A.B. asks: 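Provided herewith is a single structure, encoded as structure tokens, for subsequent inquiry.
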Amino acid sequence: MRAMPISSDHPLLLRIVDDLADHGWSQQNIFLPQDLTRALAAECRKRAAEGELAPAAVGRGASTEVREGIRGDHIQWLEPGQDAASDRYLSLMDSLREALNRGLFLGLEDFECHFALYPPGAFYRRHVDRFRDDDRRAVSAVIYLNDAWLPEDGGQLRMYLDDERIHDVQPTGGCLVVFLSGDVPHEVLPANRERLSLTGWFRRRGNEPF
Ligand code: OGA
Ligand code: MN
């Protein structure tokens, strides 16, 4: 698999920037090449089989706790240098970060992301991707890693847009959803089959003391 850096003025990235400027979110059904989607799905399954994914917690710092009534996914954070596919994804997201900074002056400094596996029956209740005591998360980006997904498989990402208008996304492999972290409440509906994704956040500089 060839690691081809993508330019930050690639039309696909500019479309995402325009969508965010216009309405605060973007959905690209064919974002990742199929070979990369497959490699990332394989990497996620491998990590799960090796017991590296752990039940996701809710909250931050001292108030962090696992609450399956709120979210039931299992996650592992990505670090650079772990495997070729993940590095390729991180490099793509870095180009998107540059495009967002150039087009929207967001001052995004880094990108953090984790693999997420929702076992059948798991869900994530309605929430906003921003912590009360930490507003560094500015833009959320979720890429899905599942083979052909049917509506009856459940597991849709349900976004609550302006006026509580609902937009559902089928978590089909290669599809990318990007939205302003503080502006779009969303939830993951219960999935009837295993649901894989990579979920991440572009962050601004924090305002903690030097
Ligand atoms: C999250 C989240 C959405 C999804 O992890 O914060 O909302 O579709 N994920 O996986
Ligand atoms: Mn979320």
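Since the model is a prediction, treat every value here as computed from it, not as a measurement. Just so you know, ligand 1 is whichever comes first in the structure, and atom 1 is the first atom listed for that ligand.
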A.B. asks: So, is Asp73 polar-close to ligand 1, with some N/O to N/O distance under 3.5 Å?
C.D. replies: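 No, Asp73 has no N/O under 3.5 Å of an N/O on ligand 1.
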A.B. asks: Using heavy atoms and a threshold below 4.0 Å, how should the contact between Trp201 and ligand 1 be classified: side chain, backbone, both, or neither?
C.D. replies: side chain
A.B. asks: Verify the distance criterion only: is there a donor paired with an acceptor across the side chains of Asn29 and Gln27 at less than 3.5 Å?
C.D. replies: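 A pair is found: one side chain offers a donor N or O, the other an acceptor, under 3.5 Å apart.
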A.B. asks: Do we get Arg126 above Tyr160's six-membered ring, with its NZ or CZ under 6.0 Å from the centre and within 45° of the axis?
C.D. replies: yes
A.B. asks: Report, in ascending order of atom number, the atoms of ligand 1 lying under 4.0 Å from any heavy atom of Leu157.
C.D. replies: 3 (C), 8 (O)
A.B. asks: Determine, using heavy atoms of His127 and all atoms of ligand 1, whether some pair is separated by less than 4.0 Å.
C.D. replies: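 The answer is yes, since His127 has a heavy atom less than 4.0 Å from ligand 1.
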A.B. asks: Can you report which non-hydrogen protein atom sits closest to atom 5 (O) of ligand 1, along with the distance?
C.D. replies: Thr199 CG2, 3.5 Å
A.B. asks: Which atoms of ligand 1 have any heavy atom of Tyr124 under 4.0 Å away?
C.D. replies: 1 (C), 5 (O), 6 (O)
A.B. asks: Would you verify whether the NZ or CZ of Arg195 falls within 45 degrees of the ring axis of Tyr118 while also being under 6.0 Å from that six-membered ring's centre?
C.D. replies: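 The answer is yes; both the distance and angle limits are met.
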A.B. asks: May I ask whether Phe31 and Phe111 are part of the same hydrophobic cluster, defined by side-chain heavy atoms of I, L, V, M, F, W, Y residues being less than 4.5 angstrom apart, directly or through others?
C.D. replies: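 Yes, one cluster joins them.
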A.B. asks: Among protein heavy atoms, which sits nearest to atom 10 (O) of ligand 1, and what does the distance come to when rounded to 0.1 Å?
C.D. replies: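 Here the nearest protein heavy atom works out to Arg195 NH1, 3.0 Å.
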A.B. asks: For a side-chain hydrogen bond (donor to acceptor under 3.5 Å, both in side chains) with Ser140, tell me which candidate from Thr199, Asp183, Asp129 qualifies.
C.D. replies: Asp129
A.B. asks: Give, rounded to 10 degrees, the angle between NE2 (His127) and NE2 (His186) as seen from the Mn ion (ligand 2).
C.D. replies: 90°
A.B. asks: Tell me the contacting part of His186 for ligand 1: side chain, backbone, both, or neither, using a 4.0 Å heavy-atom threshold, strictly below.
C.D. replies: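 For His186, the contact with ligand 1 is made by the side chain alone.
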A.B. asks: Between His23 and Asp162, is any side-chain donor less than 3.5 angstrom from a side-chain acceptor?
C.D. replies: no
A.B. asks: If you check every N/O/S atom of Asp129, which is the one nearest the Mn ion (ligand 2)?
C.D. replies: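 Considering only N, O and S atoms, Asp129 comes nearest to the Mn ion (ligand 2) through OD1.
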A.B. asks: Write out the residue and atom name of the closest protein heavy atom to atom 8 (O) of ligand 1, then the distance separating them to 0.1 Å.
C.D. replies: Tyr144 OH, 2.6 Å
A.B. asks: Identify the residue among Ile16, Leu92, Leu12 that makes a side-chain contact (heavy atoms from CB on, under 4.5 Å) with Leu176.
C.D. replies: Ile16
A.B. asks: Measure the distance from atom 3 (C) of ligand 1 to every protein heavy atom, then report the residue, atom name and distance (to 0.1 Å) of the closest one.
C.D. replies: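 The protein heavy atom lying closest is Val188 CG2, 3.6 Å.
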A.B. asks: Are Cys44 and Glu194 side-chain neighbours, meaning at least one heavy-atom pair lies under 4.5 Å?
C.D. replies: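 SC-SC contact between Cys44 and Glu194 ruled out.
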